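Working notes, beginning with the structure itself.
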There are 2 protein chains.
Amino acid sequence: MTKKPRYSRQRDAILEILKNDDGHIEAPEIHRRLRKIHPKLSLATVYRNLAQLESLKKISSIKNDSNINFFEIYREPHHHFVCEKCGGIQNLTYPTINICTSCISPHSNFKINKVATTLHGVCESCNVSQKLLNITKSF
Amino acid sequence: MTKKPRYSRQRDAILEILKNDDGHIEAPEIHRRLRKIHPKLSLATVYRNLAQLESLKKISSIKNDSNINFFEIYREPHHHFVCEKCGGIQNLTYPTINICTSCISPHSNFKINKVATTLHGVCESCNVSQKLLNITKSF
DNA sequence: AGTCTAAATAGTATTGATTCCTACTTAGTT
DNA sequence: AACTAAGTAGGAATCAATACTATTTAGACT
Ligand SMILES: [Mn+2]
Ligand SMILES: [Mn+2]
Ligand SMILES: [Zn+2]
Ligand SMILES: [Zn+2]
């Protein structure tokens with residue numbers, strides 16, 4: 001139905017960055033990295049292509065609590081941990097919880113595209129620096 | 001540790017709106033409703049108090065795909081359905097999945113504050129109007 | 001190989017929910 | 001009644017993301 005998009009050097013480079021990264025990257029970071037080789041690349045182009053790639057299910061995105069969108073190459077569905085302090089995102093390697101999808105199917109007229117389980121809290125490194133701060137405060 | 005906040009007529013009214021609503025409301029909607037009785041209420045005040053009430057666990061919030069924050073009175077933990085078309089949010093009445101919390105606890109230095117499972121898709125009413133649109137297009 | 005056109009891009013302006021700022025007000029303690 | 005830290009109103013600022021527009025380009029078709 002939806003036809004295949006035309007090739008673009010820029011989109012290809014964006015996808016390549018994500019293929020070779022095992023984390024979750026922001027659009028401006030992708031832009032920064034590609035600028036070294038494609039000095040004319042526009043940030044708007046990065047955003048436009050990321051949106052397109054996501055709708056083609058080649059990549060996926062997740063937002064942190066500050067509404068910043070992080071992108072990664074499409075992987076097996078998995079869950080995420082979002083740090084409330086630094087905004088960093090980490091993968092959780094526990095099996096996907098599919099029960100929701102099957103549970104809601106009785107509500108037949110819903111169309112479910114994505115199930116996201118996200119834990120919010122304070123990550124290891126932020127937690128440690130928090131503790132250190134408390135110690136120094138007590139003096 | 002954190003001391004109880006001072007009483008405020010505005011905060012009380014905001015909480016009252018949420019207590020008497022079973023849905024998920026945006027800050028501007030709360031503002032609109034309260035303006036009828038408190039014409040001088042500032043939208044910034046609504047946002048500030050919603051943030052405070054949430055940190056006191058009296059209310060909770062969830063964002064739709066357009067980053068708009070919806071608020072509700074604190075309830076038993078539950079999951080949500082977010083419509084990609086209209087941005088509306090609905091509760092899912094299936095039992096909370098706690099396994100993630102217990103699974104990750106071995107990663108001891110994480111602090112988990114919130115577990116959110118959210119389904120993204122097209123809600124019943126949007127789905128129906130989508131179908132009607134397709135029918136009219138085929139003429 | 002040249003022509004054509006819809007899709008893509010660069011660069012910039014705009015959006016819009018939320019937060020910040022500051023002078024003023026007020027709850028509540030002494 | 002006086003004091004003060006917390007809260008408010010109103011408006012400005014923020015900033016990730018999107019919209020806009022003139023220009024370029026992939027790739028289809030002669
Ligand atoms: Mn991931
Ligand atoms: Mn809810
Ligand atoms: Zn962190
Ligand atoms: Zn909908």
Side-chain angles (χ1 to χ4, degrees), chain A residues 1-17 24-56 58-71 82 84-89, chain B residues 1-17 24-32 34-56 58-71 82 84 86-89:
Chain A
M1 203 71 200
T2 46
K3 77 171 133 175
K4 186 183 166 186
R6 218 174 64 175
Y7 171 84
S8 112
R9 188 188 315 283
Q10 291 87 336
R11 188 188 308 123
D12 210 47
I14 291 164
L15 194 55
E16 208 55 34
I17 290 279
H24 305 82
I25 328 181
E26 299 163 73
E29 171 63 17
I30 294 171
H31 184 236
R32 224 173 288 128
R33 294 193 197 172
L34 287 175
R35 269 286 173 106
K36 293 168 186 168
I37 309 147
H38 302 265
K40 307 208 77 179
L41 178 67
S42 165
L43 181 56
T45 298
V46 175
Y47 277 110
R48 188 173 5 85
N49 279 300
L50 286 170
Q52 192 191 73
L53 288 167
E54 184 167 19
S55 77
L56 294 170
K58 299 209 171 183
I59 65 174
S60 65
S61 74
I62 173 169
K63 292 189 174 100
N64 72 7
D65 292 342
S66 306
N67 286 335
I68 294 174
N69 221 346
F70 290 77
F71 298 88
V82 177
E84 294 162 354
K85 284 266 190 304
C86 68
I89 291 178
Chain B
M1 204 71 201
T2 45
K3 78 171 133 176
K4 186 183 167 185
R6 219 174 65 175
Y7 171 85
S8 113
R9 187 188 315 283
Q10 291 87 337
R11 188 188 308 124
D12 211 47
I14 290 164
L15 194 56
E16 209 55 34
I17 291 278
H24 305 83
I25 329 180
E26 298 163 74
E29 171 63 17
I30 295 171
H31 185 236
R32 223 173 287 129
L34 286 175
R35 269 284 173 109
K36 293 169 186 167
I37 309 147
H38 303 266
K40 307 208 76 178
L41 178 67
S42 165
L43 180 57
T45 298
V46 175
Y47 276 109
R48 188 173 4 86
N49 279 300
L50 286 170
Q52 192 190 73
L53 288 167
E54 184 167 19
S55 76
L56 295 169
K58 299 208 170 183
I59 65 174
S60 64
S61 73
I62 173 169
K63 293 189 173 98
N64 71 8
D65 292 342
S66 307
N67 286 336
I68 294 174
N69 222 345
F70 290 77
F71 298 88
V82 177
E84 294 162 354
C86 68
I89 289 178

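Since the structure is predicted, the reported quantities are computational estimates derived from the model, not experimental observations. The sequence lines fix the lettering, A, B, ..., with proteins before strands; numbering per chain opens at 1.
When every heavy atom of His24(B) is checked against every heavy atom of Phe70(B), the shortest pair comes out as O-CD2, 3.3 Å. In terms of heavy-atom proximity, Leu56(B) sits nearest to Pro5(B) at CD1-CG, 3.8 Å. In terms of heavy atoms, Ala13(B) sits closest to Leu34(B) at CB-CD2, 3.8 Å. Closest of all the heavy-atom pairs between Leu41(A) and His31(A) is O-NE2, 2.7 Å.
Between Ser8(B) and dA6(D) there is no side-chain N or O to OP1 or OP2 distance below 4.0 Å. Between Lys3(B) and dA6(D), a side-chain N or O to OP1/OP2 separation shorter than 4.0 Å is present. Taking 4.0 angstrom as the limit, Arg6(A) places none of its side-chain polar atoms (N or O) nearer than this to OP1 or OP2 of dT9(C). OP1 and OP2 of dA7(C) both lie 4.0 Å or more from every side-chain N or O belonging to Gln52(A). Checking the phosphate oxygens (OP1, OP2) of dT26(C), no side-chain nitrogen or oxygen of Gln10(B) falls inside 4.0 Å. Look at Arg11(B) and you won't find any side-chain N or O under 4.0 angstrom from OP1 or OP2 of dA6(D).
Atom pair Tyr7(B):OH and dT29(C):C1' shows a separation of 18 Å (rounding to whole Å applied). One can place CG of Asp12(A) at 20 Å from P of dA7(C), the figure rounded to the nearest angstrom. When the P atom of dA27(C) is taken as reference, atom NZ of Lys4(B) falls 15 Å away, rounded to whole Å. dT25(D) atom P lies 14 Å from atom NE2 of His38(A), rounded to whole Å. Rounded to a whole Å, the CZ atom of Arg9(A) is 14 Å from the C1' atom of dG27(D).
Annotation for Lys58(A): atom NZ does not count as buried by contact number, only 12 or fewer foreign heavy atoms lying within 6.0 Å.
Rounded to the nearest 0.5 angstrom, Leu15(A) CG and Leu50(A) CG are separated by 9.5 Å.
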Base contacts versus sugar-phosphate-only contacts with protein, heavy atoms under 4.0 Å: please encode nucleotides 11-23 of chain C as B, S and - from 5' to 3'. BB----SBBB---

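Between the side chains of Gln10(A) and Thr45(A), not a single donor N or O lies within less than 3.5 Å of an accepting N or O.
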